[in-house]
Amino acid sequence: MSMTDPERIPVIIGVGQVNDRPDDPDRGLDSLGLMVEALKVAAQDAGVPLADIDSLAIVDQISFHHLGKLCEPLAAAIGAAPAINYQSAAPHGDTPIRLLNEAANRIGAGEVKLAAVVGGEALRTAAGRAAKAASGEDKSYNAVRKVATRREPNYAQRHGLSAPVDVYPLYENATRAAWGESLEDAQFESAEIWSRFSEVAAENPGAWIRKPASPADILDVNERNRPIAFPYSKLMVANSSVNQGAGFLVASLAEARRRGIAEDRLVYVGMGAAAKEPASILARDRYDHSVSMETSIARTLDLNGMTVEDFDCVELYSCFPCVPKMARRILGWPWDRPASVFGGLTFGGGPIANYMSHAVVSMVDKLRREGRYGFLFANGGFATDNHCIVLGNRPIAAARFPQDFDYQAEAEEKRGPVPELVEDYAGPATIESYTVFYGRDGAPRAGVVVARTPEGQRTLAHVDVRDAAMLAFLTDGKAEPAGTEGRIVALDEGFGWRAN
């Protein structure tokens with residue numbers, strides 16, 4: 001389909017985001033309320049009634065999960081009856097960009113003329129209500145809290161690798177060694193990038209923390225910036241204790257013109273590309289690179305006929321430093337330019353899967369003011385899901401919709417051999433990556449080594465954090481642990497790492 005037909009050219013016509021932070025967190029909006037407010041702002045920005053949308057896509061949320069699917073309640077709350085109305089299957093960080101790409105595809109196929117994408121997370125409200133429920137003040141909340149299902153921990157979880165904050169340090173420590181950086185230099189790069197995030201957030205009305213932090217602030221580990229999982233401290237990880245909602249409206253160029261929307265308010269949607277890593281973190285080929293990240297970034301550049309020099313601004317997903325550090329190297333984005341238009345997941349805010357909706361809002365705002373093109377890179381899961389797309393304040397000549405944005409097959413062709421996993425191994429081994437976990441008091445509580453056997457198999461081993469020499473070896477930066485040889489020994493509680 002030729003993209004000279006304005007009925008088939010997707011443009012973003014309205015954007016909206018909200019921060020909800022009453023003095024009493026219990027009185028904050030829930031996730032549905034945040035979505036409603038964000039869409040109202042987007043509709044006002046575009047000057048179109050929400051009743052006119054014919055597609056509504058929702059980013060799944062976790063803070064009020066007991067509400068279930070929000071498709072019908074949200075449509076009713078905004079007075080719409082869209083023919084297409086769905087919610088993403090799970091809350092992954094790439095979801096808003098995928099939903100944007102899907103909206104562009106539907107417009108390119110002539111299926112819809114006006115689409116909405118929205119998400120919201122109210123973890124601050126949920127925490128306040130849960131605290132009152134636990135104390136007995138709010139007995140009604142007990143009836144709607146989600147009941148957790150206990151499951152037997154798998155092999156990775158038995159070694160402490162349960163949440164993203166446990167896993168991303170494996171990539172951080174592996175990439176540092178692969179890039180030949182010292183711990184000091186790698187931490188300084190993270191701090192410089194994060195400090196620039198804070199400066200962007202300070203100027204963004206939609207950001208959650210609007211106070212600049214210097215690189216020294218990021219690096220200074222103290223009671224307010226406690227260690228989380230080596231080498232990350234609190235100011236280097238996503239801040240999910242927020243109440244934030246964001247959404248945007250996508251229309252065909254013809255529909256935007258029929259509605260009288262000024263040309264300088266339109267932001268054109270370019271083509272996107274997606275690929276993912278295996279769901280199991282232990283089924284990855286390596287931790288110092290991601291072929292799915294590389295494929296999604298490289299393919300997006302190729303599809304849009306662009307290079308890094310074409311972009312005046314970027315959003316490189318920033319749940320943990322290793323992600324934008326890997327992405328910027330693939331893209332070629334310099335470390336001394338801001339890698340965010342919103343402020344990053346620490347300072348802009350980390351509303352679980354909906355962060356990139358805020359990035360879209362901020363990118364549209366920026367492109368309306370200045371520049372030409374912006375690049376959006378989203379990441380989700382455990383460094384698993386990747387989806388990129390381009391936006392511009394002018395037509396993107398190479399764009400063709402609908403498009404197949406799934407480049408998984410290409411990523412698989414690039415993937416190296418995945419090591420065989422052995423769970424009951426004792427003997428000589430080499431550190432592939434590692435991390436140390438810390439308690440809320442800042443003291444090390446556990447650690448894990450991902451190791452390779454002499455035959456190339458992959459296995460895990462506990463770290464005895466009571467061993468001061470071992471702890472120093474892993475964290476003081478005097479030597480690079482990744483790539484060093486040691487041995488794994490059988491213990492009563494499993495298998496433990498011992499240095500040679």
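Side-chain atoms are counted along with the backbone in the values below, which use heavy atoms only and exclude waters and symmetry mates.
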Under 4.5 Å between any side-chain heavy atoms of [X] and [Y], yes or no?
| X | Y | answer |
| --- | --- | --- |
| Tyr438 | Ile228 | no |
| Pro169 | Tyr232 | yes |
| Ile97 | Val360 | yes |
| Arg452 | Gln457 | no |
| Phe342 | Asn204 | yes |
| Thr459 | Ile488 | yes |
| Val237 | Thr346 | no |
| Trp497 | Met470 | yes |

Over all heavy atoms of both residues, which pair between [X] and [Y] is shortest? Give the atoms and the distance, please.
| X | Y | value |
| --- | --- | --- |
| Ala273 | Leu303 | CB-CD1, 4.3 Å |
| Pro91 | Ile352 | CB-CG2, 4.3 Å |
| Thr435 | Ala229 | OG1-C, 3.7 Å |
| Pro481 | Tyr434 | CG-OH, 3.5 Å |
| Tyr168 | Gly380 | OH-O, 4.1 Å |
| Phe248 | Ser357 | CE2-OG, 4.0 Å |

Look up atom [atom1] in [X] and atom [atom2] in [Y], then write down how far apart they are to the nearest 0.5 Å.
| X | Y | atom1 | atom2 | result |
| --- | --- | --- | --- | --- |
| Phe320 | Met236 | CZ | CE | 12.0 Å |
| Met293 | Cys388 | CE | SG | 8.5 Å |
| Asn85 | Ile58 | CG | CD1 | 5.5 Å |
| Arg440 | Arg226 | CZ | CZ | 4.0 Å |
| Leu183 | Leu474 | CG | CG | 11.5 Å |
| Phe230 | Leu471 | CZ | CG | 9.0 Å |

Legend entry - Six-ring centre of Trp179, Arg329 cation under 6.0 angstrom, axis tolerance 45°: yes
For [X] and [Y], does a side-chain donor sit closer than 3.5 Å to a side-chain acceptor?
| X | Y | result |
| --- | --- | --- |
| Ser195 | Ser214 | no |
| Gln244 | His358 | no |
| Thr295 | Lys414 | yes |
| Thr300 | Tyr407 | no |
| Thr125 | Asn243 | yes |
| Tyr425 | Glu455 | no |
| Glu121 | Ser240 | no |
| Glu184 | Ser182 | no |
| Tyr355 | Asn379 | no |

Inset, instruction - Please determine which of Phe377, Tyr317, Phe405 meets the ring pair (Phe, Tyr, Trp, His ring centres under 6.0 Å) test together with His387. - result: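 Testing each of Phe377, Tyr317, Phe405 against His387, the sole residue satisfying ring pair (Phe, Tyr, Trp, His ring centres under 6.0 Å) is Phe405.
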Legend entry - Verdict with reasoning, Asn225 to Ser233, per side-chain hydrogen bond (donor to acceptor under 3.5 Å, both in side chains): CA-CA 6 Å; Asn225 185 30; Ser233 59; 3.1 Å; yes
Inset, instruction - Please work out whether the ring planes of Tyr287 and Tyr171 are parallel, tilted or perpendicular, with thresholds of 30° and 60°. - result: perpendicular
Does a side-chain N-to-carboxylate-O contact under 4.0 Å join [X] and [Y]?
| X | Y | value |
| --- | --- | --- |
| Arg196 | Glu199 | no |
| Arg458 | Glu420 | no |
| Arg176 | Glu172 | no |
| Glu485 | Arg498 | no |

Inset, instruction - Start with the C-alpha gap between Met271 and Val390, add the side-chain angles, then the distance that decides, and say whether side chain to side chain contact (heavy atoms under 4.5 Å, CB included) holds. - result: CA-CA 6 Å; Met271 299 180 76; Val390 169; over 6 Å; no
Side-chain donor/acceptor of [X] to backbone N/O of [Y], under 3.5 Å:
| X | Y | answer |
| --- | --- | --- |
| Asn105 | Gln403 | yes |
| Ser198 | Pro212 | no |
| Asn239 | Leu345 | no |
| Ser318 | Pro324 | no |
| Asn304 | Met306 | no |
| Asp220 | Ala216 | no |
| Asp285 | Gly416 | yes |
| Trp194 | Leu235 | yes |
| Ser362 | Ala359 | no |
| Ser88 | Asp60 | yes |

Inset, instruction - Output, in order, the C-alpha distance, side-chain angles, deciding distance and verdict of side chain to side chain contact (heavy atoms under 4.5 Å, CB included) for Glu294 and His289. - result: CA-CA 8 Å; Glu294 177 187 26; His289 185 71; 3.2 Å; yes
Inset, instruction - Check the pair Val465, Val436 against side chain to side chain contact (heavy atoms under 4.5 Å, CB included), reporting the backbone distance first and the verdict last. - result: CA-CA 8 Å; Val465 295; Val436 174; 4.3 Å; yes
Inset, instruction - Identify which one of Glu277, Arg284, Glu412, Arg415 satisfies the side-chain hydrogen bond (donor to acceptor under 3.5 Å, both in side chains) criterion when paired with Ser292. - result: Glu277
Legend entry - side chain to side chain contact (heavy atoms under 4.5 Å, CB included) evaluation trace for Ile297 with Phe375: CA-CA 9 Å; Ile297 291 174; Phe375 187 94; 4.1 Å; yes
Legend entry - Crowding at NZ, Lys325 (>12 non-hydrogen neighbours, <6.0 Å): yes
Legend entry - Test log, rule ring pair (Phe, Tyr, Trp, His ring centres under 6.0 Å), inputs Phe311 and Tyr373: CA-CA 5 Å; Phe311 302 113; Tyr373 304 109; 7.1 Å; no
